[in-house]
Structures are given as C-alpha cells and as structure tokens.
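A short write-up of the structure that comes next.
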Amino acid sequence: MKQEVIVRFAPSPTGYLHIGGARTAIFNWLFAQKTGGKLILRIEDTDAERSTEESIKGIVDGMKWLGITWDEGPYFQTQFINEHLAAAKKLLDSGHAYKCFCSKEELEDKRAAALKHKKDVKYDGTCRRLTRIEIAIKEAKIPYTLRMKVPSEEGSVSFEDVVYGTIENKYKDIEDFVIVRSNGQPLYLLSNAVDDIRDRITHVIRGQDGLSNTHRQILIYQALGAPVPKFAHMSLTLDPKKAKISKRKHGELVAVHFYKAHGFLPWAFVNFLVLLGWATPESREIFSKEELMEAFSLQGISRANSIFNVKKDDPKYFTDPKAISINAHYLREMPVEEIEPYVRAELEKAGIWDPEYENAKRQWFLETLELIRSRFHVTTDFVDRGRAYFSDDFPIESRALKKNISKHPQLEKWLPMLADRLEGLERFTTAETENVIREMAETLEIKPGVLINGIRTVVTGQLAGPGMFDVLINIGQRRVVERLRRSPALF
RNA sequence: GUCCCCAUCGUCUAGCCAGGUCCAGGACACCGGCCUUUCACGCCGGCAGCAGGGGUUCAAAUCCCCUUGGGGACGCCA
C-alpha cells in the first residue's frame with residue numbers, strides 16, 4: 001500500500017506572512033492536494049521573543065486569505081519540548097551526542113580567530129575528547145550544551161533532493177553541531193527533526209536556505225533510527241538586487257496583507273506566486289484552483305532563484321508588473337458574480353455601498369462591473385477610478401478638466417443645453433443619446449468629440465473610460481442630467 | 001576560510017535529464033499598428049536571451065571541465 005503523503009508548513013512567526021513564506025505554504029498545500037495527502041501547520045515558536053499572538057495571527061490570516069487550507073494544526077513547537085529533550089537524551093545515551101562545556105565566549109573567540117586567519121570556523125572538538133572522569137568533574141560545576149557527534153570516519157551524508165538531485169556532504173565538512181543549549185532548551189535542528197518524525201512527515205518542502213541544514217538533520221534522523229523523509233528544496237525569491245527579500249528591507253511590499261489591502265484577488269496572487277520558481281512544460285500561466293492542483297508537480301520547481309520584480313519608486317507599478325497583470329486578467333475574465341464580493345468590500349470600506357446593490361439594483365451593479373472592469377487592475381480601482389458610477393460625490397481629474405473642459409469655454413453653455421435635450425428624451429438609449437449628441441455637434445459645427453469628452457469629464461470625472469453612450473445609459477438619465485446641469489460650476 | 005546550490009530575453013519561464021525538428025518558444029513589460037469620441041480590452045507586428053572559455057561529437061542551449069558571476073549555509077536564531 002502506498003504511504004499517504006504528509007507535508008507541513010512550519011513558519012517561525014516573525015510578524016506577518018511574507019511572500020516567501022506564502023510560496024512555501026502554497027507549494028506544500030498544492031502537493032498535499034495533488035497527492036491526496038495532508039498538510040500540517042506547525043508554528044515554530046521556540047523563539048519566545050518573536051512569537052507573539054499577533055504574529056501567529058498574521059500567518060494564519062494570511063493563509064486564510066490566500067485560501068490555503070490545512071488539515072491539522074496549528075501545532076506549536078513549544079508544546080513538544082519534552083519530546084525534543086527526550087530525543088536528545090536518547091542521542092546522548094546511545095553515544096550519538098556528547099556534552100560540551102565550552103563557554104560561549106571561548107567559542108566566539110575561536111570563531112573570530114578562525115575567521116580572521118581565514119581558517120575553517122568549525123568547532124574543534126575539544127569536549128568530544130574528554131574522558132569520563134573529566135566529564136564527571138566538569139559536569140558538577142559547568143553548564144553544558146549537547147553536541148551531535150558527527151562520524152569521524154571517511155564517508156558522507158547524501159540524499160536525493162527532489163528538485164536538486166543528489167546532494168552529498170562529507171562527514172569531515174560537518175561540525176559537531178549543538179542540539180541542546182546550556183540552559184536546557186532544544187535547538188531548531190533537533191526540534192524540527194523530532195517534530196517531523198512525530199508528525200510522520202513524508203516530504204519536507206522548504207526553501208533552499210534549508211538545503212545546507214539537511215545533512216545535519218539527516219544525521220539526527222539516522223541516529224534516532226527514524227526513516228528519512230524526502231526533501232524538496234525550492235529556489236528562493238530575491239529582490240531586483242538579488243538580495244533575499246525580507247521584512248526588514250522591503251517592509252510591507254513583501255507582506256501578503258499588503259496585497260489584500262491593495263486590491264488583489266487572493267487567487268490571482270496565488271497564481272502569481274506559484275509562477276515564481278515553478279512552471280509546467282508548456283509554460284502555462286493561468287490556472288483555476290482545480291487546474292493548478294492537477295498541473296502541479298515538484299519536478300516543475302526550478303533550481304535557479306527568481307526575482308520578485310518590485311519596482312520601488314516606479315509610479316506606474318506599485319509591485320511586480322506581472323503580478324498586476326495577472327490580477328487584472330482575473331478581474332476582467334472571472335464571472336462578475338465572483339468579483340462582486342470583493343468590489344462590495346471596497347465600496348463598503350469607502351462608505352459608498354448601497355444595500356440595494358444586492359437587491360433591486362443588483363442587475364445594474366453587475367452590469368456596471370462588467371462595463372468598467374476591463375481597464376482596472378485592482379479592486380481598489382472600483383472606488384477611486386470608478387467612484388462616479390457608485391456615488392454622486394466624485395472628484396474631477398485635473399487633467400481631464402484641463403483637456404476637455406477648460407479648452408472649450410463654450411461648454412459652459414453647451415452642457416446644460418445638452419442636459420435639456422437629454423432630459424427630453426423619452427427613450428434613454430445608446431442610439432437616442434448618440435443621436436442627440438451628434439446632431440447637436442452638427443448644429444454647432446463642432447466635432448462630436450468635443451461634446452463627448454466634455455460629457456465624459458463631467459459625468460465620470462475621468463479622461464478615459466468605457467464607450468460614452470454606454471456610460472450614459474449606465475449612469476442613468478436623471479443623474480446624467482444632474483451632472484450636466486451642475487457643470488457650469490467648473491468654469 | 002570551508003561546504004552546498006545556481007546560471008536562457010529587463011522580469012517570470014519552456015527547451016537541458018534521453019544532443020539534431022531551436023539562426024531558441026510563451027508570458028509580463030516596452031515600442032508600433034488595427035479597432036475607437038477617449039482609455040482599456042482584443043487582435044496583428046516588433047525589440048530583446050543560451051555569462052565567458054575550452055573540450056566531447058558529424059552535430060551542443062542541451063554532455064564534461066575551467067573561469068566568472070550570483071545565492072545559501074557555516075549561531076547555545078528559526
């Protein structure tokens with residue numbers, strides 16, 4: 001019988017979910033979904049200073065927003081400290097680990113000296129060579145750490161990484177690393193391995209920064225007599241300067257919640273993220289959730305790091321242009337009913353949501369979204385660039401004012417005239433309104449564009465938008481007439 | 001200093017494992033055109049890349065070596 005796949009996402013709570021973490025979570029989730037396995041969420045909170053309620057909530061909220069579901073957890077690493085310590089004792093008893101009495105200061109000095117002389121910085125094994133008696137004496141008065149005893153013979157640790165292939169490290173290049181602090185607290189390398197063993201993790205899918213920890217963890221698995229899971233390391237996400245993205249350096253720009261706040265559709269963002277460092281043989285780009293689960297495979301993960309192309313200080317793109325284009329794609333391609341709740345949330349936030357939009361005006365509301373969405377990139381566009389559709393209180397863009405109004409002072413008279421004519425229309429249709437406007441232009445011997453652009457500015461506040469006659473019908477006779485009538489105030 | 005990983009258009013990438021069908025395909029961005037009252041959408045077209053050098057081979061983006069460049073790890077952080 002085939003073993004069920006169990007994967008985990010094990011973030012340390014450092015404030016919020018950033019895109020690197022989100023990507024790791026997504027890949028684990030996808031793999032679990034694809035294989036019918038399960039995903040465990042485990043918070044590695046052993047660093048008490050960083051692990052606040054708030055930062056844990058940040059991670060959970062981020063995952064929920066993205067739509068990443070997990071089957072077990074969240075578990076907390078601190079709950080299992082006794083297990084970690086029991087494992088450490090087992091390692092000590094079985095001779096796989098030993099007590100080290102070197103003080104922090106001594107070690108730091110040695111490390112600094114080694115670095116200075118450009119020598120190897122590995123632990124020199126002082127305490128590994130202690131006799132039983134020496135240990136007994138020191139034990140009584142000196143606090144000690146526990147170190148893994150890396151085999152001293154010729155040989156190596158090697159494993160098949162699912163994405164990087166065979167990775168081999170010689171024993172002699174691995175130092176005797178600490179697994180328990182002198183205050184008795186277990187360290188990450190140990191805790192993580194013990195937790196993965198307990199949770200019966202079959203595949204460790206994590207960032208490539210874990211690649212150089214892997215051989216040490218395998219040593220722990222082996223010493224504990226536990227089966228070694230499969231490892232799949234994913235390439236990292238870098239910034240345009242090829243530096244690892246970090247909260248410190250990039251702040252909000254790399255936080256998942258930033259994208260929520262800036263009008264991203266969660267699935268569009270997932271779709272974008274999964275494309276950073278992963279591809280199908282056809283380089284397919286747009287996937288529904290079901291399609292992505294079907295198409296996903298660990299083999300598609302690329303080995304080379306990818307760049308999250310945030311263009312700081314680029315007025316045109318507040319984040320990676322590809323992310324925006326994918327979001328815009330979804331915004332105009334999804335069934336309007338599906339973007340409705342997101343737009344509603346924006347309107348509510350802006351205080352211009354009309355409850356009738358879900359009742360009597362629902363049809364109008366959906367038609368409006370359909371009408372304007374093709375030129376929007378993010379859902380927040382609906383409340384700024386699209387404000388005039390939902391509220392009578394909207395700003396007039398200065399560029400539009402200049403180009404379409406100020407240039408033609410006579411519009412001060414023409415627009416109200418148009419209001420009268422439009423008001424007189426019995427059937428307020430695209431054909432009728434177009435007729436009226438074109439006829440009037442003819443009589444005045446001006447280009448229809450002068451009137452049309454003037455109307456556009458006064459009615460929508462914008463320089464550009466959907467076909468004017470469609471807009472007129474959408475806004476409605478009464479509101480159009482009103483807006484045209486009050487236009488002389490602009491002159 | 002040691003160890004590990006990586007290298008195709010500006011960016012995300014396909015192709016590499018099983019060398020020929022690749023004077024390298026797609027997407028975003030950019031530029032031009034069509035459509036049009038405007039701006040988008042859409043459609044059409046364009047710009048742009050195998051890091052460098054050696055091999056192996058009839059043939060190399062693909063295999064090997066070196067160089068260079070980049071990333072990661074080397075903590076009583078996770």
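So that the names make sense, note that chain A is the first sequence line, chain B the second, and so on, each numbered from 1.
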Check whether A:R8 reaches the backbone of A:R42 with its side chain - one donor and one acceptor, N or O, closer than 3.5 Å. no

note: A:Q185, atom CD; B:rC77, atom P; distance rounded to Å ~ 10 Å

Partner nucleotide of B:rC3 by Watson-Crick or wobble geometry (both distances under 3.5 Å): B:rG72

Nearest-angstrom distance from the residue atom CZ of A:F101 to C1' of B:rC76: 14 Å

For this output row, return yes or no: ring centroids of A:W267 and A:Y342 closer than 6.0 angstrom. no

Any chance the side chains of A:R23 and A:T237 put a donor and an acceptor closer than 3.5 Å? yes

Is it the case that A:T319 and A:Y259 place a side-chain donor and acceptor less than 3.5 Å from each other? yes

Could you work out which one of B:rC39, B:rU37, B:rG72 sits closest to the side chain of A:R375? B:rC39

Could you check which of B:rC6, B:rA14, B:rU37 has an atom nearest any side-chain atom of A:Y164? B:rC6

Length of the CG-P vector between A:L107 and B:rC76, whole Å: 7 Å

Considering only B:rC4, B:rG1, B:rC76, which nucleotide approaches the side chain of A:V121 most closely? B:rG1

Residue matched to B:rU57 through Watson-Crick or wobble contacts both under 3.5 angstrom: none

